[in-house]
Amino acid sequence: MYKKKPLLILTGPTAVGKTSLSIGLAKALNGEIISADSMQVYRHMDIGTAKIKKEQMQGIPHYLIDEYEPFEEFNVAVFQARCKECIEEIHKKGKLPILVGGTGFYIQSVLYSVNFEETEADSAYRTELTAFAKEHGTAALHEKLILVDRESAETIHPNNVKRVIRALEYYKQTGQKISEHNKVQQGKEPAYDFRYYALTLPREILYKRINQRVDSMREEGLVEEVKKLLAMGCKREMVSMQGLGYKEILSALEGEGTLEHAFERIKQETRHFAKRQFTWFKRERDVTWIDKGQFQSEEALLAYCIQDWQTHFR
RNA sequence: GGCGACUUAGCCAAGUGGUAAGGCACGGGACUGCAACUCCCUGAUCACCGGUUCAAAUCCGAUAGUCGCCU
(Lines give C-alpha, C1' and ligand atoms only; values in the text may rest on other atoms or scores of the structure.)
Protein backbone atom coordinates (compact mmCIF):
# COMPACT_ATOMS: atom_id res chain seq x y z
CA MET A 1 0.00 0.00 0.00
CA TYR A 2 1.07 3.56 -0.51
CA LYS A 3 1.83 5.99 2.27
CA LYS A 4 1.97 8.89 -0.11
CA LYS A 5 0.60 9.21 -3.62
CA PRO A 6 2.35 6.92 -6.07
CA LEU A 7 4.43 8.12 -8.99
CA LEU A 8 6.40 6.03 -11.42
CA ILE A 9 9.19 7.78 -13.28
CA LEU A 10 10.82 6.35 -16.36
CA THR A 11 13.76 8.11 -17.88
CA GLY A 12 17.06 7.48 -19.64
CA PRO A 13 19.06 8.90 -22.51
CA THR A 14 17.46 9.67 -25.81
CA ALA A 15 16.74 6.65 -27.99
CA VAL A 16 17.08 3.98 -25.28
CA GLY A 17 13.49 2.92 -25.76
CA LYS A 18 11.52 4.64 -23.03
CA THR A 19 8.40 5.01 -25.10
CA SER A 20 7.74 1.39 -25.87
CA LEU A 21 8.41 0.33 -22.31
CA SER A 22 6.12 3.02 -20.97
CA ILE A 23 3.12 1.64 -22.82
CA GLY A 24 3.66 -1.80 -21.38
CA LEU A 25 3.97 -0.37 -17.89
CA ALA A 26 0.85 1.73 -18.23
CA LYS A 27 -1.15 -1.26 -19.34
CA ALA A 28 0.14 -3.53 -16.61
CA LEU A 29 -0.13 -1.04 -13.78
CA ASN A 30 -3.30 0.73 -14.76
CA GLY A 31 -1.41 3.90 -15.49
CA GLU A 32 -1.56 7.01 -17.60
CA ILE A 33 1.43 8.72 -19.09
CA ILE A 34 2.77 12.21 -18.58
CA SER A 35 5.58 13.28 -20.84
CA ALA A 36 8.64 14.89 -19.26
CA ASP A 37 10.08 16.15 -22.47
CA SER A 38 10.89 19.76 -23.21
CA MET A 39 10.23 19.44 -26.93
CA GLN A 40 7.38 17.00 -27.32
CA VAL A 41 5.05 19.49 -25.68
CA TYR A 42 5.02 21.42 -28.93
CA ARG A 43 2.57 20.70 -31.69
CA HIS A 44 3.77 20.32 -35.26
CA MET A 45 7.11 19.00 -34.05
CA ASP A 46 6.65 15.29 -34.44
CA ILE A 47 9.44 13.79 -36.47
CA GLY A 48 12.38 15.60 -34.94
CA THR A 49 11.22 14.92 -31.40
CA ALA A 50 10.50 11.24 -32.11
CA LYS A 51 7.08 11.85 -30.67
CA ILE A 52 4.91 8.86 -29.96
CA LYS A 53 2.24 8.29 -32.59
CA LYS A 54 -1.44 7.99 -31.85
CA GLU A 55 -1.51 4.30 -32.80
CA GLN A 56 1.40 3.52 -30.53
CA MET A 57 -0.41 4.93 -27.54
CA GLN A 58 -2.81 1.99 -27.69
CA GLY A 59 -5.47 3.92 -25.94
CA ILE A 60 -3.33 4.98 -23.02
CA PRO A 61 -3.96 8.66 -22.22
CA HIS A 62 -0.93 10.89 -22.68
CA TYR A 63 -0.44 14.28 -21.11
CA LEU A 64 1.88 17.16 -21.91
CA ILE A 65 2.34 16.16 -25.49
CA ASP A 66 1.13 18.56 -28.18
CA GLU A 67 -0.06 21.06 -25.63
CA TYR A 68 1.68 24.19 -26.84
CA GLU A 69 2.41 25.98 -30.08
CA PRO A 70 6.08 26.28 -31.04
CA PHE A 71 5.98 30.03 -30.53
CA GLU A 72 4.56 29.80 -27.01
CA GLU A 73 6.78 30.07 -24.00
CA PHE A 74 7.33 26.92 -22.08
CA ASN A 75 9.79 26.26 -19.28
CA VAL A 76 10.34 24.27 -16.11
CA ALA A 77 7.99 26.35 -14.04
CA VAL A 78 5.16 25.91 -16.51
CA PHE A 79 5.97 22.27 -16.83
CA GLN A 80 5.96 21.73 -13.12
CA ALA A 81 2.60 23.39 -12.64
CA ARG A 82 0.98 21.50 -15.48
CA CYS A 83 2.55 18.24 -14.49
CA LYS A 84 1.28 18.51 -10.94
CA GLU A 85 -2.21 19.09 -12.27
CA CYS A 86 -1.96 16.03 -14.44
CA ILE A 87 -0.69 13.89 -11.61
CA GLU A 88 -3.59 14.96 -9.47
CA GLU A 89 -6.07 14.30 -12.21
CA ILE A 90 -4.75 10.80 -12.72
CA HIS A 91 -4.76 10.06 -9.03
CA LYS A 92 -8.36 11.16 -8.87
CA LYS A 93 -9.20 8.55 -11.41
CA GLY A 94 -7.56 6.01 -9.21
CA LYS A 95 -4.80 5.42 -11.70
CA LEU A 96 -1.04 5.49 -11.57
CA PRO A 97 0.72 8.49 -13.09
CA ILE A 98 3.77 7.50 -15.09
CA LEU A 99 6.22 10.28 -15.84
CA VAL A 100 8.19 9.43 -18.94
CA GLY A 101 10.86 11.47 -20.61
CA GLY A 102 14.47 12.50 -20.86
CA THR A 103 14.44 16.03 -19.50
CA GLY A 104 16.04 15.46 -16.11
CA PHE A 105 15.62 19.03 -15.05
CA TYR A 106 11.86 18.77 -15.47
CA ILE A 107 11.62 15.52 -13.57
CA GLN A 108 13.61 17.00 -10.74
CA SER A 109 11.30 19.98 -10.54
CA VAL A 110 8.23 17.86 -9.86
CA LEU A 111 9.76 15.07 -7.85
CA TYR A 112 11.34 17.45 -5.36
CA SER A 113 8.74 20.17 -5.70
CA VAL A 114 11.23 22.89 -6.40
CA ASN A 115 9.69 26.22 -5.62
CA PHE A 116 9.40 28.56 -8.58
CA GLU A 117 6.49 30.76 -7.58
CA GLU A 118 8.24 33.87 -6.46
CA THR A 119 9.74 35.00 -9.70
CA GLU A 120 8.96 35.30 -13.31
CA ALA A 121 11.20 35.50 -16.33
CA ASP A 122 12.20 39.07 -17.02
CA SER A 123 13.05 39.14 -20.69
CA ALA A 124 13.90 42.83 -20.78
CA TYR A 125 16.49 42.41 -18.07
CA ARG A 126 17.80 39.28 -19.73
CA THR A 127 18.39 40.96 -23.06
CA GLU A 128 19.95 43.90 -21.28
CA LEU A 129 22.43 41.64 -19.54
CA THR A 130 23.09 39.66 -22.68
CA ALA A 131 23.98 42.87 -24.44
CA PHE A 132 26.18 43.90 -21.54
CA ALA A 133 28.09 40.62 -21.72
CA LYS A 134 28.56 41.03 -25.43
CA GLU A 135 29.95 44.50 -25.03
CA HIS A 136 32.06 44.19 -21.92
CA GLY A 137 32.81 40.50 -21.89
CA THR A 138 31.66 37.58 -19.80
CA ALA A 139 34.10 38.38 -17.01
CA ALA A 140 32.55 41.80 -16.50
CA LEU A 141 29.11 40.29 -16.25
CA HIS A 142 30.38 37.74 -13.80
CA GLU A 143 31.79 40.51 -11.63
CA LYS A 144 28.31 41.91 -11.23
CA LEU A 145 27.32 38.60 -9.75
CA ILE A 146 30.30 38.52 -7.40
CA LEU A 147 29.03 41.76 -5.92
CA VAL A 148 25.58 40.46 -5.08
CA ASP A 149 26.02 36.74 -4.63
CA ARG A 150 29.55 35.61 -4.08
CA GLU A 151 28.59 31.99 -3.53
CA SER A 152 26.81 31.60 -6.85
CA ALA A 153 29.61 33.41 -8.57
CA GLU A 154 32.01 30.80 -7.31
CA THR A 155 29.94 27.94 -8.63
CA ILE A 156 28.94 29.36 -11.96
CA HIS A 157 31.70 29.63 -14.52
CA PRO A 158 32.06 33.17 -15.95
CA ASN A 159 31.61 31.85 -19.45
CA ASN A 160 28.27 30.36 -18.57
CA VAL A 161 26.46 33.56 -19.38
CA LYS A 162 23.00 32.06 -19.26
CA ARG A 163 23.36 30.87 -15.69
CA VAL A 164 25.07 34.06 -14.58
CA ILE A 165 22.18 36.04 -15.98
CA ARG A 166 19.62 33.90 -14.25
CA ALA A 167 21.38 34.35 -10.91
CA LEU A 168 21.42 38.11 -11.43
CA GLU A 169 17.82 38.11 -12.52
CA TYR A 170 16.82 36.19 -9.42
CA TYR A 171 18.59 38.66 -7.21
CA LYS A 172 17.02 41.62 -8.93
CA GLN A 173 13.54 40.23 -8.56
CA THR A 174 13.67 38.88 -5.05
CA GLY A 175 16.52 40.72 -3.43
CA GLN A 176 17.84 37.34 -2.38
CA LYS A 177 20.68 35.15 -3.46
CA ILE A 178 19.85 32.30 -5.73
CA SER A 179 22.48 30.24 -3.99
CA GLU A 180 20.41 30.50 -0.80
CA HIS A 181 17.27 29.55 -2.64
CA ASN A 182 18.93 26.54 -4.19
CA LYS A 183 20.24 25.38 -0.86
CA VAL A 184 16.74 25.29 0.55
CA GLN A 185 15.30 23.55 -2.49
CA GLN A 186 17.97 20.89 -2.48
CA GLY A 187 16.96 19.61 0.92
CA LYS A 188 13.41 18.81 -0.07
CA GLU A 189 11.97 15.35 0.22
CA PRO A 190 9.86 13.77 -2.51
CA ALA A 191 6.15 14.10 -2.03
CA TYR A 192 5.43 10.73 -3.60
CA ASP A 193 5.87 7.05 -3.16
CA PHE A 194 7.99 6.76 -6.23
CA ARG A 195 10.44 4.73 -8.18
CA TYR A 196 12.78 6.57 -10.50
CA TYR A 197 13.92 4.22 -13.23
CA ALA A 198 16.69 5.19 -15.59
CA LEU A 199 16.97 2.94 -18.59
CA THR A 200 20.42 2.46 -20.01
CA LEU A 201 22.29 0.67 -22.76
CA PRO A 202 25.97 0.21 -23.54
CA ARG A 203 27.31 3.34 -25.18
CA GLU A 204 28.10 1.77 -28.54
CA ILE A 205 24.66 0.31 -28.89
CA LEU A 206 22.96 3.50 -27.87
CA TYR A 207 25.02 5.51 -30.33
CA LYS A 208 24.14 3.13 -33.10
CA ARG A 209 20.47 3.51 -32.27
CA ILE A 210 20.82 7.26 -32.30
CA ASN A 211 22.38 7.22 -35.74
CA GLN A 212 19.62 4.99 -37.04
CA ARG A 213 16.96 7.14 -35.52
CA VAL A 214 18.34 10.24 -37.20
CA ASP A 215 18.47 8.45 -40.53
CA SER A 216 14.86 7.47 -40.24
CA MET A 217 13.89 11.00 -39.25
CA ARG A 218 15.32 12.08 -42.53
CA GLU A 219 13.34 9.47 -44.40
CA GLU A 220 10.18 10.40 -42.60
CA GLY A 221 10.57 13.97 -43.76
CA LEU A 222 12.22 16.02 -41.05
CA VAL A 223 13.24 18.59 -43.63
CA GLU A 224 9.64 19.01 -44.73
CA GLU A 225 8.54 19.35 -41.14
CA VAL A 226 11.00 22.16 -40.58
CA LYS A 227 9.90 23.90 -43.76
CA LYS A 228 6.34 23.79 -42.54
CA LEU A 229 7.37 25.29 -39.24
CA LEU A 230 9.15 28.04 -41.11
CA ALA A 231 6.06 28.69 -43.17
CA MET A 232 4.08 28.95 -39.95
CA GLY A 233 6.35 31.76 -38.91
CA CYS A 234 8.73 29.94 -36.61
CA LYS A 235 11.96 31.78 -36.03
CA ARG A 236 15.33 30.53 -35.07
CA GLU A 237 15.35 32.38 -31.77
CA MET A 238 12.34 30.55 -30.41
CA VAL A 239 13.05 28.02 -27.72
CA SER A 240 11.25 25.33 -29.64
CA MET A 241 13.48 25.87 -32.64
CA GLN A 242 16.52 25.26 -30.52
CA GLY A 243 15.53 21.65 -30.31
CA LEU A 244 17.95 19.07 -31.57
CA GLY A 245 17.36 18.41 -35.21
CA TYR A 246 15.49 21.64 -35.74
CA LYS A 247 18.23 24.16 -35.31
CA GLU A 248 20.56 22.23 -37.59
CA ILE A 249 18.05 21.86 -40.41
CA LEU A 250 17.04 25.46 -40.00
CA SER A 251 20.54 26.72 -40.53
CA ALA A 252 21.03 24.45 -43.52
CA LEU A 253 17.84 25.79 -45.06
CA GLU A 254 19.12 29.28 -44.46
CA GLY A 255 22.18 28.51 -46.50
CA GLU A 256 24.68 27.55 -43.85
CA GLY A 257 26.05 24.27 -45.08
CA THR A 258 24.42 21.33 -46.78
CA LEU A 259 21.63 19.14 -45.49
CA GLU A 260 24.10 16.30 -45.55
CA HIS A 261 26.25 18.15 -43.11
CA ALA A 262 23.23 19.10 -41.02
CA PHE A 263 22.24 15.49 -40.51
CA GLU A 264 25.75 14.55 -39.53
CA ARG A 265 25.69 17.29 -36.96
CA ILE A 266 22.36 16.13 -35.63
CA LYS A 267 23.80 12.69 -35.02
CA GLN A 268 26.84 14.14 -33.37
CA GLU A 269 24.90 16.48 -31.15
CA THR A 270 22.38 13.86 -30.20
CA ARG A 271 25.23 11.69 -28.97
CA HIS A 272 26.52 14.59 -26.94
CA PHE A 273 23.06 15.09 -25.56
CA ALA A 274 22.81 11.48 -24.50
CA LYS A 275 26.10 11.85 -22.68
CA ARG A 276 24.85 14.89 -20.83
CA GLN A 277 21.77 12.95 -19.83
CA PHE A 278 23.93 10.22 -18.36
CA THR A 279 25.80 12.79 -16.35
CA TRP A 280 22.58 14.24 -15.06
CA PHE A 281 20.98 10.98 -13.99
CA LYS A 282 24.19 9.67 -12.51
CA ARG A 283 24.31 12.40 -9.96
CA GLU A 284 20.57 12.47 -9.32
CA ARG A 285 19.85 10.70 -6.07
CA ASP A 286 17.17 8.01 -5.82
CA VAL A 287 17.68 6.72 -9.35
CA THR A 288 17.32 3.03 -10.05
CA TRP A 289 19.33 2.05 -13.09
CA ILE A 290 18.07 -0.62 -15.41
CA ASP A 291 20.47 -1.92 -17.99
CA LYS A 292 18.42 -2.92 -20.95
CA GLY A 293 21.34 -4.95 -22.25
CA GLN A 294 20.80 -7.40 -19.39
CA PHE A 295 17.49 -8.57 -20.72
CA GLN A 296 16.83 -11.03 -23.48
CA SER A 297 13.64 -9.38 -24.62
CA GLU A 298 11.33 -6.41 -24.22
CA GLU A 299 8.97 -8.67 -22.32
CA ALA A 300 11.61 -9.69 -19.84
CA LEU A 301 12.50 -6.08 -19.26
CA LEU A 302 8.90 -5.14 -18.76
CA ALA A 303 8.29 -8.03 -16.42
CA TYR A 304 11.28 -6.99 -14.35
CA CYS A 305 10.07 -3.41 -14.02
CA ILE A 306 6.57 -4.46 -13.07
CA GLN A 307 7.87 -6.78 -10.45
CA ASP A 308 10.20 -4.17 -9.03
CA TRP A 309 7.37 -1.71 -8.72
CA GLN A 310 5.07 -4.22 -7.09
CA THR A 311 7.58 -5.43 -4.58
CA HIS A 312 8.07 -1.86 -3.42
CA PHE A 313 4.40 -0.97 -3.25
CA ARG A 314 2.48 -4.12 -2.86
C1' G B 1 61.82 -0.15 -62.43
C1' G B 2 62.84 5.49 -62.33
C1' C B 3 61.75 10.50 -60.44
C1' G B 4 59.21 13.62 -56.94
C1' A B 5 56.14 14.82 -52.66
C1' C B 6 54.36 13.50 -48.08
C1' U B 7 54.50 10.79 -42.97
C1' U B 8 53.08 15.34 -36.04
C1' A B 9 47.48 12.34 -30.58
C1' G B 10 41.42 8.55 -33.10
C1' C B 11 40.74 12.54 -37.22
C1' C B 12 42.08 17.55 -39.31
C1' A B 13 46.29 20.55 -38.46
C1' A B 14 50.33 24.66 -36.91
C1' G B 15 55.35 24.51 -36.11
C1' U B 16 61.85 24.59 -40.75
C1' G B 17 67.55 24.09 -34.89
C1' G B 18 66.35 25.56 -28.65
C1' U B 19 63.09 21.37 -25.82
C1' A B 20 55.33 20.05 -29.33
C1' A B 21 49.57 26.04 -31.31
C1' G B 22 44.65 25.09 -32.36
C1' G B 23 40.05 22.55 -33.93
C1' C B 24 37.04 18.04 -33.91
C1' A B 25 35.99 13.28 -31.86
C1' C B 26 36.25 10.11 -27.46
C1' G B 27 35.99 10.26 -22.06
C1' G B 28 34.69 12.98 -17.44
C1' G B 29 31.86 16.93 -15.06
C1' A B 30 28.33 21.18 -13.83
C1' C B 31 23.26 22.51 -14.15
C1' U B 32 17.02 24.45 -9.31
C1' G B 33 12.32 29.50 -14.82
C1' C B 34 15.55 29.55 -21.95
C1' A B 35 17.64 22.65 -20.09
C1' A B 36 17.22 18.68 -26.93
C1' C B 37 19.79 24.88 -23.66
C1' U B 38 24.29 26.82 -21.61
C1' C B 39 29.06 25.89 -19.66
C1' C B 40 33.75 23.46 -17.68
C1' C B 41 37.91 19.70 -17.58
C1' U B 42 41.05 16.10 -20.21
C1' G B 43 45.58 13.64 -24.46
C1' A B 44 51.36 13.25 -28.15
C1' U B 45 57.34 13.90 -27.75
C1' C B 46 56.58 14.43 -33.83
C1' A B 47 56.73 6.68 -39.09
C1' C B 48 61.39 3.88 -38.00
C1' C B 49 66.95 3.48 -37.68
C1' G B 50 71.56 6.00 -37.78
C1' G B 51 74.29 10.61 -38.06
C1' U B 52 75.54 16.18 -37.56
C1' U B 53 75.02 19.67 -33.33
C1' C B 54 75.82 22.15 -26.73
C1' A B 55 70.66 21.47 -28.65
C1' A B 56 66.46 18.29 -34.02
C1' A B 57 59.67 17.26 -35.16
C1' U B 58 62.72 20.80 -37.56
C1' C B 59 69.54 19.48 -41.01
C1' C B 60 71.93 14.83 -43.52
C1' G B 61 71.58 9.49 -44.85
C1' A B 62 69.17 4.75 -44.94
C1' U B 63 64.49 1.92 -44.31
C1' A B 64 59.12 1.49 -44.53
C1' G B 65 54.33 3.26 -45.95
C1' U B 66 51.11 6.61 -48.76
C1' C B 67 50.25 9.64 -53.04
C1' G B 68 51.54 11.63 -57.88
C1' C B 69 54.19 11.48 -62.41
C1' C B 70 57.26 8.74 -65.95
C1' U B 71 58.94 4.14 -68.88
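Per chain, numbering begins at 1; letters A, B, ... match sequence-line order.
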Colleague: Give me the ring orientation class for A:Tyr42 and A:Phe74: parallel if the planes are under 30° apart, tilted from 30 to 60°, perpendicular past 60°.
Modeller: perpendicular

Colleague: Starting the side chain at C-beta, find the nucleotide from B:G29, B:G27, B:A25 nearest to A:Arg203.
Modeller: B:G27

Colleague: Mind calculating the distance between OH (A:Tyr171) and P (B:U32) to the nearest angstrom?
Modeller: 19 Å

Colleague: How many whole angstroms separate atom CZ of A:Phe79 from atom C1' of B:U32?
Modeller: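 Interatomic distance, CZ of A:Phe79 to C1' of B:U32: 14 Å.
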
Colleague: What is the distance from atom CD1 of A:Ile23 to atom CG of A:Leu302, rounded to the nearest 0.5 Å?
Modeller: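 Between atom CD1 of A:Ile23 and atom CG of A:Leu302 there are 11.0 Å.
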
Colleague: For A:Arg163 and B:U32, is the shortest distance between a side-chain N/O and OP1 or OP2 below 4.0 Å?
Modeller: yes

Colleague: A:Trp280 versus A:Val287: any side-chain heavy-atom pair under 4.5 Å?
Modeller: no

Colleague: Closest to the A:Gln108 side chain: B:C40, B:U32, B:A30?
Modeller: B:U32

Colleague: Starting at atom CD of A:Glu284, determine the distance to atom P of B:A35, rounded to an integer number of angstrom.
Modeller: 16 Å

Colleague: Taking only side-chain nitrogens and oxygens of A:Asn159, does any of them come within less than 4.0 Å of OP1 or OP2 of B:C40?
Modeller: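 Yes, A:Asn159 has a side-chain N/O under 4.0 Å of OP1/OP2 on B:C40.
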
Colleague: Can you tell me which stems RNA chain B forms, taking runs of 3 or more consecutive Watson-Crick or G-U pairs with both distances under 3.5 Å?
Modeller: B:1-7 with B:64-70, B:10-12 with B:22-24, B:27-30 with B:38-41, B:49-51 with B:59-61

Colleague: Closest nucleotide of RNA chain B for A:Thr155 versus for A:Phe273: which of these residues is on the 5' side?
Modeller: A:Thr155

Colleague: Please check if atom CD in A:Glu88 has more than 12 non-hydrogen atoms from other residues, nucleotides or ligands closer than 6.0 Å.
Modeller: no

Colleague: What does A:Val114 touch in the nucleic acid at a heavy-atom separation under 4.0 angstrom: a base, only the sugar-phosphate, or nothing?
Modeller: base

Colleague: By the 4.0 Å heavy-atom rule, please label A:Gly48 as base, sugar-phosphate, or nothing.
Modeller: base

Colleague: Just checking, A:Arg195 and A:Phe313: is the charged tip under 6.0 Å from the six-membered ring centre and within 45° of the axis?
Modeller: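 Output no; distance or angle outside limits.
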
Colleague: Base, sugar-phosphate, or nothing for A:Gln80, non-hydrogen atoms under 4.0 angstrom?
Modeller: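 No contact.
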
Colleague: Using every non-hydrogen atom in the two residues, find where A:Thr14 and A:Leu206 come nearest and quote the distance to one decimal.
Modeller: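 Shortest heavy-atom contact: O-CD1, 3.5 Å.
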
Colleague: Nearest of B:C39, B:G28, B:C26 to any side-chain atom of A:His272?
Modeller: B:C26

Colleague: Would you mind reading off the distance between A:Ile156 atom CD1 and B:C41 atom P, rounded to a whole angstrom?
Modeller: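 After rounding, the gap between these two atoms is 16 Å.
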
Colleague: Could you tell me the separation between the CZ atom of A:Phe105 and the P atom of B:A35, rounded to a whole number of Å?
Modeller: 8 Å

Colleague: Could you tell me whether A:Tyr106 contacts a base, only the sugar-phosphate backbone, or nothing, with contacts defined as non-hydrogen atoms closer than 4.0 Å?
Modeller: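 Answer is sugar-phosphate: A:Tyr106 comes under 4.0 Å of backbone atoms only.
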
Colleague: When the C1' atoms of B:A56 and B:A25 are compared, how many Å lie between them, rounded to an integer?
Modeller: 31 Å

Colleague: Rounded to the Å, how far apart are A:Phe71 CZ and B:C34 P?
Modeller: 21 Å

Colleague: Rounding to the closest angstrom, what is the interatomic distance between B:G17 and B:G10 at atom P?
Modeller: 28 Å

Colleague: So for A:Lys275 and B:G28, does any side-chain atom that can act as donor or acceptor lie under 3.5 Å from a complementary atom in the base?
Modeller: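 Yes.
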
Colleague: Considering only B:C39, B:U32, B:C34, which nucleotide approaches the side chain of A:Asn75 most closely?
Modeller: B:C34

Colleague: Rounded to the nearest angstrom, tell me the gap between atom CG in A:Leu129 and atom P in B:U38.
Modeller: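 It is 18 Å, rounded to the nearest whole Å.
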
Colleague: I want to check one thing: is the phosphate of B:U32, taken as OP1 and OP2, less than 4.0 Å away from some side-chain N or O of A:Tyr112?
Modeller: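 No, outside the criterion.
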
Colleague: Looking at B:U32, B:C34, B:A25, which one has an atom nearest to any side-chain atom of A:Gln268?
Modeller: B:A25

Colleague: Have a look at A:Thr279 and say if it touches a base, only the backbone sugar-phosphate, or nothing, with a 4.0 Å heavy-atom cut-off.
Modeller: base

Colleague: Please work out if A:Thr270 contacts a base, only the sugar-phosphate, or nothing of the nucleic acid, heavy-atom cut-off 4.0 Å.
Modeller: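 The answer is nothing, as A:Thr270 stays clear of every strand by at least 4.0 Å.
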
Colleague: Just by distance, with hydrogens left out, do A:Tyr246 and A:Glu225 show a side-chain donor and acceptor under 3.5 Å apart?
Modeller: yes

Colleague: Do other residues, nucleotides or ligands put more than 12 heavy atoms under 6.0 Å from the OH atom of A:Tyr304?
Modeller: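 It does not: A:Tyr304 OH has 12 such atoms or fewer within range.
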
Colleague: Check the orientation of A:Phe281 and A:Trp289. Use parallel for under 30°, tilted for 30 to 60°, and perpendicular for over 60°.
Modeller: perpendicular

Colleague: Which pair of heavy atoms, one from A:Ala262 and one from A:Ile249, lies closest together, and at what distance?
Modeller: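 So the two residues come closest at CB-CD1, 4.3 Å.
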
Colleague: Looking at RNA chain B, which of residues 204-230 of chain A put a heavy atom within less than 4.0 Å of it?
Modeller: A:Tyr207

Colleague: Provide the closest heavy-atom pair for A:Lys292 versus A:Leu201 in the form atom of the first, atom of the second, distance.
Modeller: CB-CD2, 3.6 Å

Colleague: Rounded to whole Å, please give me the gap between NE2 in A:His142 and P in B:C40.
Modeller: 12 Å

